[in-house]
Structures are given as C-alpha cells and as structure tokens.
Number of protein chains: 2
Amino acid sequence: MSATIKSVAEYAGVSIKTVSRVINNEGTVKPDTLAKVQQAIDALDYRPNKAARDLAGRDNYVLGYVYDNPNAYYILAMQNGILKECRANGYELLIHPCDATNANIIDELVNMVNSARLAGLILSPPLSEMPDVLQAMDEKGIQYVRVLSGDKAPDDKPCVLVDDYQAARQITEHLINQGHQRIAFIAGEKQHHSTTERERGFYQALADRGIHPDPDLVVEGTYSFGTGVQSIQQLLALPEPPTALFACNDEIAAGALFGARMQGVDVPEALAIAGFENSPFSTQTFPPLTTASQPTAQIAQRATSSLIRSLQARKRKAENQTVPADIFVPELIVRESTSR
Amino acid sequence: MSATIKSVAEYAGVSIKTVSRVINNEGTVKPDTLAKVQQAIDALDYRPNKAARDLAGRDNYVLGYVYDNPNAYYILAMQNGILKECRANGYELLIHPCDATNANIIDELVNMVNSARLAGLILSPPLSEMPDVLQAMDEKGIQYVRVLSGDKAPDDKPCVLVDDYQAARQITEHLINQGHQRIAFIAGEKQHHSTTERERGFYQALADRGIHPDPDLVVEGTYSFGTGVQSIQQLLALPEPPTALFACNDEIAAGALFGARMQGVDVPEALAIAGFENSPFSTQTFPPLTTASQPTAQIAQRATSSLIRSLQARKRKAENQTVPADIFVPELIVRESTSR
DNA sequence: CATCATAATGACAACGCTGTCATTTTACTC
DNA sequence: GAGTAAAATGACAGCGTTGTCATTATGATG
C-alpha cells in the first residue's frame, strides 16, 4: 500500500493539512516544518492521490489535447511538448483525436471536457482556428490555449503564434536570391490559416523584390502528395513554366518533385522546389527538400505552460495579467532541392 | 454544476447504491427500476465522476500506453485503437513516451504506474520484448498486455501477435513469383523481434522454393532511410548484384530506391523493391512500394480489450481463463516497385 | 511585559462514489 | 397462505485529499 497524506503527517508529526500545504506549495509553512515534511515525503515515497485531489479540490489536474491533423509527426511532437510541461507541473494529459469537420464537434468537445473534468484544453490547427469552437469554449467557461498561425494575436486570450508569414517570406526570398523570377506556389486547404499566411508571405516577398505575381503560377489544393503531383503537371504544361516552386508543405513538395521527375524535369537544375514543415519527407526525397522548420515540441510546451499559468492565476483569483503571446518563426533549412 | 449520483437517485426515487449498480452494470437490478434510473441519467445528463470512482473503488480506470518507437504513424495508430476501446469501456488513457535504452527505464515505468495509479499497461515493441521490463512488471504485480512480433505466444500472459514471419514469407514468395532468384534482404535493428521474424520468413520462403540463400545479399542496419541508401550501394557493387530487394521496412526501402536511382538503376525494371509496414512513405516514392500492411489500430484495440477483460476478471476474482492470443498477419500490398 | 496583529498550524466537514452488510421484496414450495 | 430461499434494494462508512474556519505560536509595538 502506498503512503497517504495521513501517514506522512504522522511521520512528520504535523497535521495532514500542513502536509497538504507543502505539496501544494502554498508557501505559508515554516522552513523547518517544511523540511520535516519533505523528509517524511521522501522517506515514505509519498505521492498525492490524484483521484482524491481531484475530488476534494475544485479543479482536475488534467489537460486535454484535442487534435484533428493528419500529420502524425506534428501531433506526436505536440504531444511530447505538452507532456513535458504537464509532468513538470503535476498535470496529466488526456488526448482526444477528433474530426473537425464533424457537425457535432462542439458537443463532442464540451461533453469530453465535462465528463473528464478537464482543467483546460490545448488546441492546434485547424480547431484553434474555428470561431464557433472557440466561441463555444468561451461560453461554457472552458479554459484553453491555442497554437495559431499568425504574426499577432487575434485577441487577448492565451495563444502561441507560429509566424508562417515570415518564414514563407524567407523561403521565397531564398528562391529569388537563387535567381528565380517565375516562382510557382501550391497552396493547401484555404481553411487553414497556415496556408493563407504562407501565401501572404510568398506575395510579400515577391512584392519586396519588385516581382509581379503571375496568377497562373498559383495553384490551390490540399496538403497532400497527390496535390503536388497534379499541380506540377499543370504548372509544367504552361507556355512559360516556372523555374522554381514553393509548396505549402513538404508533402505537396514531395509530390511535385515526384511529378516533375516523372516528366523528366530535373530538380533542382530545371526546377527548384521548396517545401515547408521540415517533416521526415523532406530528407527522404531525391534531392532532399529545402524547407522551413518549426520547433513544434517547444511550441507545445510554451502553449501548455501558458495555459497552466492562466489556470493557476484563475485559481488564486489573481488578475489574469495578459502576457504577450509567444511568437515562433520557423527557420529556413536549405537543402539540395533549391541549389543552383 | 453537473449531476451527481445523488441527484439521479432522487430523481429516479431510488437509493444511490441502485444508481451505482446501474452504471456499473452489476446486473442485479429489476428491469423497470433499471429503466427508471436510465431515464433519470439521460434526463439529468449524468456522468459518473471519475475521481470519485477511482477514489472509492479499488482500481483506477486509467490505462497507460508506454512507447519508444520512432515511427509516428505506428504510435498514432496504436493510440487511436487504444482510445477507441478505452472510451467504449469507460477507461482513460495516459500516454508515456520513453527511452527504452535508458538504464532507469524500469524505475521510470514502475513510478509512473504507481503515481498515476494505472490499472494496466499496453506495451508495444521494443518495450514489449524486453525481458527485464516484463519481469519487473510481473514482480510488481502490474497488469499489462503486449503487442508482439511472432506466430505463437511466448507464455500465457495476455498478448496480441503480429505474424511478421508469415507476411515476410508472402512478400518473398511474391518476389520469387515475379521470377527473381537473387533476392537481397536489408535488416533493421536485430534487437527488434520484427526484424528477426521477417528475416526468418525471408529465409523460409527461399527454402520453400529451393533457392539457396547468398550471405552476400543479406545486409544489417537500422530502420532508417540512410541504411537503405548505404546498403543498396553495397549490394549493387557486388559482382553479381541482386535483381530484387526485400527491405525490412518502408523507410529502408525508400532509401534503397533513392540509392538505386542515384546510381541509375531502374526500379522495378532492373531492381524490384519491396518494403514492409505500409507507411505513408510507401505510396510517396516513385514508383510506389510493394509492402505489407498491418492493421495497427485494430491490433491496438484488440490488445486493449484483452487487457480490460483480464482486469475485470481479476476484479471479480474470476479465474483468469487464458484466452488464446489474437494473431494478425500483415497483408501483402503489391504496387509498382515490384511489377514486371 | 502585556497587547495586538499576523503568521503558522490544526480540526473537521465535504467531494461523489463504491464496498459491505442489513433489510425489504419477490418468487417459489408444500 | 404460511414459510423460506433468493433476489433486489438501501443505509452507511469509508476512500485521500482540499477548503473553511478555528486555534495557537510568533513577533512587533508601546
């Protein structure tokens, strides 16, 4: 049988409430009492019973990560980052894959939060970008933190930003610096902010260098290999085909690379290709892909820490001082697919 | 405030214990009482408070999934399968990525199980194949289910088997049927049972068809793209190079494909390549890879259901009747990388 | 050194459920 | 229809914490 707060209290010669104060860092414990209790905790290898804590306390020490994103690497990196922060703060993580296109998604989330008594939610795209979802959370008083694409926070609720705009600009600039003028762009789902942000960065970089964008060179699709294959065929069939391509993610880029080579077009000699995301795909093509890398686990950790801070502030009824949102700019990674 | 067992009891005009019986399916409730209670539960949208259940009951309704596997798709598929079964049975899932090579891995797991009061553990390779880990779990009385590579259970403790041997045989046979005699094999980490099982299947298929294996055609490496690239160079440099390759997984196969094309070797014309796993890589190469597909989510679900059954049996002190382990044989998927 | 404010600690009732055991109802027998 | 076994239900005490409020120790002040 594992130790309880009672056995620790007896061992240390204090009341259970004092032990409770120690394990909750309430601060109002004399240093030597604290030392005694700490020693008792160590000696008995005591760990608070989460069920009892959750039952007695107001909140549950459980966060939820809700996601709908086909990218396994992204999800796992998010999970890892969140878990790291959760463990450091005595929280647990409940994961909840879901289908964002499901009409009942809001009910599903609210039900989940209630039934698992979650303290808060971590939302990543596309859920973090769905106004109706966010509104429902606000109405139900469910705490959350969002990971968002953007260069400034849309409101004062906690979020962590990934500046796709800036990174896309850098990628496009890189292509321009390689001497390219006719640069194509393949977009993913327009509902994803990341797509529009990357597209915005693409256009801005062109504008910065006085290049007039050619509408024929911009194609829309989904974040998939197939989109890359099809789009590049279409692009290469143009009377004046592009000499460079910026694909909205690595999977599209890999598809485009595949499609180009199928048609006998050499990469990077006849066509430079850049992706986005630094997914494992990007190193497992020939040639490997130039891309942009976002520190997903770190982003997740920061988001989680921001959520936890906000929960704790709310608990002590402290004024929830608005901390400026963290911004991460994905870093350009140059590989052979864009070399001269 | 959400409904409690008490409010349901009042609404239904029964005692809280009767409500408890209903939500726990104890069976000893009269049909019309049960109906009344059910109706009350629906009307009040009642959900049992997990913390209270865990605290009052003996067990925690939480399972743990511990994994150390670089394959994100595999992990996510496992998670999804486990979650599905957990939700169907009122369990929650705690995920715990870890490093199996860590010397303290056993302490880490035991600590985790104790501190989160887990009811049981789901283990996938490589952890499910580490005798010292399993022994520690047995000693500490921690319940677990393993997902294992093999065609028969190594003992009578719960496990789900993935018959890599059989699938590898089928892949090799497929290559032989395509007319190949000089078939190379690139192995992954030898510590993984899946590797040795696949290798065993490879040799068996050769033997079945009277083909004498050539040691030069068998190369060892890791489950990585790089291994594929390097190994194929080595193999193609042989005085009598192979005409077909069976790579231990898709990532190696993709690397080999990459390497072969770099050297100007056509696939499948000059070299047929088969992988294993049916990972997304396998459709995103040119040409797409022949491979074997295991229904990972289904396997995970079955494993979880087996664990839950065994937990419930233990709870009712029922004789834990040994159910024969489920065996899944990955299915051959033929694509262009091995076509004539 | 008495007085008071404040810091530190403790006693005890919840929290919502399950387990145990007692009690009531039902069904069956003669 | 009385007697009995079995089925159905209920009363109540915990489970291990936290929150509330009461109590005691400490230090500052005049």
Side-chain angles (χ1 to χ4, degrees), chain A residues 1-37 40-41 44-62 90 92 114-117 119 311-312 315-317, chain B residues 1-37 40-41 44-62 90 92 114-117 119 311-312 315-317:
Chain A
M1 211 56 242
S2 46
T4 70
I5 200 172
K6 205 172 149 193
S7 55
V8 173
E10 276 165 15
Y11 188 101
V14 297
S15 75
I16 58 171
K17 185 64 219 190
T18 299
V19 178
S20 172
R21 288 191 177 99
V22 171
I23 59 186
N24 288 293
N25 269 314
E26 290 184 22
T28 58
V29 178
K30 266 205 299 190
D32 53 338
T33 313
L34 193 139
K36 264 194 310 190
V37 173
I41 289 176
L44 300 175
D45 191 28
Y46 165 73
R47 296 154 210 288
N49 179 318
K50 216 186 70 60
R53 273 185 123 169
D54 288 348
L55 183 57
R58 226 183 18 236
D59 313 301
N60 262 14
Y61 289 74
V62 185
E92 273 182 16
N114 288 338
S115 91
R117 262 94 177 168
L311 290 172
Q312 290 178 341
K315 188 166 182 176
R316 323 192 195 80
K317 287 149 195 152
Chain B
M1 211 56 245
S2 45
T4 70
I5 200 172
K6 205 172 150 191
S7 56
V8 173
E10 275 165 16
Y11 188 102
V14 298
S15 74
I16 58 171
K17 184 65 220 190
T18 299
V19 178
S20 170
R21 288 190 177 100
V22 170
I23 58 186
N24 288 291
N25 268 315
E26 289 184 23
T28 56
V29 179
K30 266 205 298 190
D32 53 339
T33 313
L34 193 139
K36 265 193 309 189
V37 174
I41 288 176
L44 300 176
D45 190 29
Y46 165 72
R47 296 153 211 289
N49 179 318
K50 217 187 70 60
R53 273 184 121 171
D54 287 349
L55 184 57
R58 228 184 17 237
D59 314 300
N60 261 17
Y61 288 74
V62 184
E92 273 182 17
N114 289 338
S115 90
R117 260 95 175 167
L311 290 173
Q312 289 178 340
K315 187 167 182 175
R316 321 189 198 86
K317 288 151 195 152

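To find a chain, count down the sequence lines: A is the first, B the second, and so on, and within it residues start at 1.
Annotation: side chain of A:Tyr11 is not in contact with side chain of A:Ile41 (no heavy-atom distance under 4.5 Å). Put simply, the side chain of A:Asn24 reaches to within 4.5 Å of the side chain of A:Arg53, judged on heavy atoms. With a 4.5 Å cut-off on side-chain heavy atoms, A:Val62 and A:Lys50 count as touching.
The separation between B:Asn49 atom CG and C:dC15 atom P is 12 Å, rounded to whole Å. Here C:dG19 presents its C1' atom at 15 Å from CG of B:Asp54, a figure rounded to the nearest Å. Atom CG of A:Leu55 and atom C1' of C:dC17 are 8 Å apart (whole Å). Atom-to-atom, CZ of B:Arg53 to P of C:dG19 comes out at 10 Å; the value is rounded to the nearest Å. Atom-to-atom, NZ of B:Lys17 to P of D:dG14 comes out at 16 Å; the value is rounded to the nearest Å. Rounded to an integer number of Å, the gap from CD1 of A:Ile5 to P of D:dC15 is 14 Å. Rounded to an integer number of Å, the gap from B:Ile23 CD1 to C:dG19 C1' is 14 Å. For B:Lys50 and C:dT18, the NZ to P distance is 12 Å, given to the nearest whole Å.
Of the candidates C:dG10, D:dT17, C:dC15, the closest approach to any side-chain atom of A:Val14 belongs to C:dG10. The side chain of B:Thr4 has C:dC17 as its nearest neighbour among C:dC17, D:dT18, D:dT9. The side chain of B:Asn24 approaches C:dT18 more closely than any other nucleotide in the set C:dT9, C:dA14, C:dT18. In this structure, of C:dT20, C:dG16, D:dA8, it is D:dA8 that holds the atom nearest to the side chain of B:Thr28.
The line from CD1 of B:Ile5 to CD1 of B:Ile23 is 4.5 Å long, rounded to the nearest 0.5 Å.
Residue B:Thr18 places none of its side-chain N or O atoms closer than 4.0 Å to OP1 or OP2 of D:dT9. Under 4.0 angstrom from either OP1 or OP2 of C:dC17 there lies no side-chain N or O belonging to B:Tyr61. Listed pair A:Thr33 / C:dT9 meets the phosphate criterion, a side-chain N or O lying under 4.0 Å from OP1 or OP2. Considering only side-chain N and O atoms, A:Ser20 lies under 4.0 angstrom from the phosphate OP1 or OP2 of D:dT18. For the OP1/OP2 pair of D:dT9 and a distance below 4.0 Å, the side-chain nitrogens and oxygens of B:Ser15 include no atom meeting the criterion.
Sequence order on DNA chain D of the closest nucleotides to B:Ala52 and B:Gly13 puts B:Gly13 first from the 5' end. Place A:Ile16 and A:Lys30 on DNA chain D by their nearest nucleotides, and A:Ile16 ends up nearer the 5' end.
Using a distance-only test at 3.5 Å, with no hydrogens or angles considered, a donor-acceptor pair links the side chain of B:Asp54 to the main chain of B:Tyr61.
Applying the 3.5 Å distance criterion, the base of C:dG10 shares a donor-acceptor pair with the side chain of A:Arg21.
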